[in-house]
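For reference, the structure is listed below as structure tokens.
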There are 2 protein chains.
Amino acid sequence: MNAISDEIKADYNFISDSLVDIYDQIMRIEESEIKKSRFKDITAKELHLVHTIGLHDRKTTSEVARILRLSKGTLTANLNNLERKGYISRLTNQQDRRIINLALTDKGRLLYRAHYAFHRKLVEQCLKGFNGSDIKKMKQALVNVEDFIGEVSAK
Amino acid sequence: MNAISDEIKADYNFISDSLVDIYDQIMRIEESEIKKSRFKDITAKELHLVHTIGLHDRKTTSEVARILRLSKGTLTANLNNLERKGYISRLTNQQDRRIINLALTDKGRLLYRAHYAFHRKLVEQCLKGFNGSDIKKMKQALVNVEDFIGEVSAK
DNA sequence: CATATTAGTTTGAAGTTCGAACTAATTAGT
DNA sequence: ACTAATTAGTTCGAACTTCAAACTAATATG
């Protein structure tokens, strides 16, 4: 191994180690920020579910379960909690009355937007001082990770 | 809003939306990869704990609990499981016999290295085709996120 | 029209997490 | 030196999450 290679290795290790802890911390901060707001009764997991339902409006329970990789039973339990707290509503599909379409209530949409704004602020801070070509590189890095995930999953 | 600003906005949204799902998927893949190996009895959470103990050798139970932001009771339960499965050992500190120093067993170290190698491969794929200055930008982005987390936490 | 399939809920068991009470070891105060 | 206070880690019970299997209701199939 020469000096340049060692340097790159050190960079990779730095990035790898950084990434591990950052997400835990983001999760924790998201929850603690939300608990400072008017939405005190929401956990990080519930926030994640509200985010998913907001992003995928009026999807069925089964579809949302598949997206989040939760069992249907688990999702039903989570939905009961969020419905009780007034963040989501279950809409019986009139074409096929077995199907429930999930949607956010007004309160749920407010939470969704607050959460989304926080994410956006995080990304803005992350890319502070980056120019167009830097941002393009970042997008490429994310696409690379998605590809890697896809490859490993397919195997 | 002009055209350039809208484009940047779209980039931010793309990055923000990407990030949300990627980590869930990485967690899931880490667990499923590990279950294909000889370490079938390990969950994603346990893997995370083994990683932390490997990274912070011979730290006390309380220190590890603080790092992972788990209660001491929870950590004790997790350590019991990992000790039973043979991945970690508790070393009574001879200077102060209240203190337990945590360490990986040989088996635990093997798991740690396999997991670390997976992380490294992920980072390598992520940064595929990046030059030295691109990598520097990536590091900067991570430092920016850490700073943001620090600021929000301090408030 | 009976049967099979599908969507979602219920249920019970297993596992996780927390925080308070507890035990054992060490340190501080007098 | 002796008592009290503190500290490290464990135990315990309650609350919550998760899953998978059994179940109910609605729709599709042959």
Side-chain angles (χ1 to χ4, degrees), chain A residues 24-25 27-28 30-32 34-35 40-53 56-85 87-103, chain B residues 24-25 27-28 30-32 34-35 40-53 56-85 87-103:
Chain A
D24 266 9
Q25 292 190 49
M27 279 296 213
R28 185 180 46 79
E30 281 188 348
E31 180 161 351
S32 76
I34 228 66
K35 285 208 189 296
K40 298 188 199 312
D41 56 354
I42 289 292
T43 65
K45 274 174 190 163
E46 288 173 331
L47 192 54
H48 193 35
L49 179 49
V50 166
H51 176 85
T52 302
I53 294 174
H56 306 279
D57 193 44
R58 274 147 218 254
K59 285 251 188 305
T60 68
T61 299
S62 297
E63 285 169 330
V64 171
R66 190 180 40 72
I67 291 167
L68 293 174
R69 288 163 227 273
L70 291 174
S71 73
K72 293 192 298 174
T74 299
L75 185 55
T76 294
N78 294 163
L79 291 174
N80 290 342
N81 292 337
L82 282 178
E83 193 178 38
R84 183 173 38 75
K85 294 178 187 173
Y87 291 97
I88 64 124
S89 54
R90 288 170 155 116
L91 310 170
T92 305
N93 185 304
Q94 290 310 315
Q95 273 68 55
D96 181 343
R97 296 187 31 262
R98 289 169 302 183
I99 293 174
I100 302 281
N101 294 107
L102 298 173
Chain B
D24 267 7
Q25 291 190 51
M27 280 296 216
R28 185 179 47 78
E30 280 188 349
E31 181 162 352
S32 76
I34 228 67
K35 285 207 190 297
K40 297 188 201 311
D41 56 354
I42 289 290
T43 65
K45 273 174 191 167
E46 287 173 332
L47 191 54
H48 192 35
L49 179 48
V50 166
H51 176 85
T52 302
I53 293 173
H56 304 280
D57 192 45
R58 274 147 219 254
K59 284 252 189 302
T60 68
T61 299
S62 297
E63 284 169 330
V64 172
R66 191 179 39 71
I67 291 167
L68 293 174
R69 287 165 227 273
L70 291 175
S71 73
K72 292 192 297 174
T74 299
L75 184 55
T76 293
N78 293 164
L79 292 173
N80 290 342
N81 292 338
L82 283 177
E83 193 177 38
R84 182 173 38 75
K85 294 178 188 174
Y87 292 95
I88 64 125
S89 55
R90 288 168 154 118
L91 310 171
T92 305
N93 185 303
Q94 289 311 315
Q95 275 67 54
D96 181 343
R97 297 184 33 261
R98 290 169 303 183
I99 293 174
I100 303 282
N101 294 108
L102 298 173

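Each chain gets a letter, A, B and so on, in the order its sequence line appears, and its residues count up from 1. Model, not experiment: these values are computed from the prediction.
Looking at heavy-atom distances under 4.0 Å, B:N101 makes no contact with the nucleic acid at all. Base contact: B:T76 has a heavy atom under 4.0 Å from a base atom. Counting non-hydrogen atoms under 4.0 angstrom, B:T61 reaches the backbone sugars and phosphates but no base.
Annotation: the span from B:N101 atom CG to B:T60 atom OG1 amounts to 7.0 Å, rounded to 0.5 Å. We find the OG1-CD distance between B:T52 and B:E63 to be 13.0 Å, quoted to the nearest 0.5 Å. Within the model, atoms CG of A:L102 and CZ of A:R90 stand 7.5 Å from one another, a figure rounded to the nearest 0.5 Å. Separating the CG atom in A:L91 from the CD1 atom in A:I99 is a distance of 12.5 Å, to the nearest 0.5 Å. Here the NZ atom belonging to B:K40 is positioned 10.5 Å from the CD1 atom belonging to B:I34, to the nearest 0.5 angstrom. In this structure, OG1 in A:T61 is found 6.0 Å from CG in A:L75, a value given to the nearest 0.5 Å.
Of the side-chain N and O atoms in A:T74, none sit less than 4.0 angstrom from OP1 or OP2 of D:dT18. Applying the 4.0 Å criterion to OP1 and OP2 of D:dA21, one finds that A:K72 has every side-chain N and O outside that range.
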Return a table of donor-acceptor pairs under 3.5 angstrom between the side chains of residues 42-51 of chain A and protein atoms on other chains or two or more places apart.
unit_1	atom_1	unit_2	atom_2	d
A:T43	OG1	A:E46	N	3.2
A:E46	OE1	A:T43	N	3.0
A:E46	OE1	A:K85	NZ	3.0
A:E46	OE2	A:K85	NZ	3.0
A:H48	NE2	B:D24	OD2	2.7

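Between A:L75 and B:N80, it is B:N80 whose nearest contact on DNA chain D lies nearer the 5' terminus.
If you run side chain to side chain contact (heavy atoms under 4.5 Å, CB included) between A:L79 and each of A:T74, A:I53, A:V64, A:I100, only A:I53 comes through.
Running 5' to 3' along DNA chain C, contacts with non-hydrogen atoms of chain B at under 4.0 Å begin and end at C:dT16 to C:dT26.
The CG-P distance, from A:L79 to D:dC19, rounds to 13 Å in whole Å. In this structure, CD1 of B:I88 is placed 13 Å from C1' of D:dG9, rounded to the nearest angstrom. The separation between A:N78 atom CG and D:dT17 atom P is 7 Å, rounded to whole Å.
The 12-atom threshold is exceeded at CZ of B:R28, counting heavy atoms of other residues, nucleotides or ligands nearer than 6.0 Å.
Of the residues in residues 90-100 of chain B, those lying under 4.0 Å from DNA chain D by heavy-atom distance are B:R90, B:R98, B:I99, B:I100.
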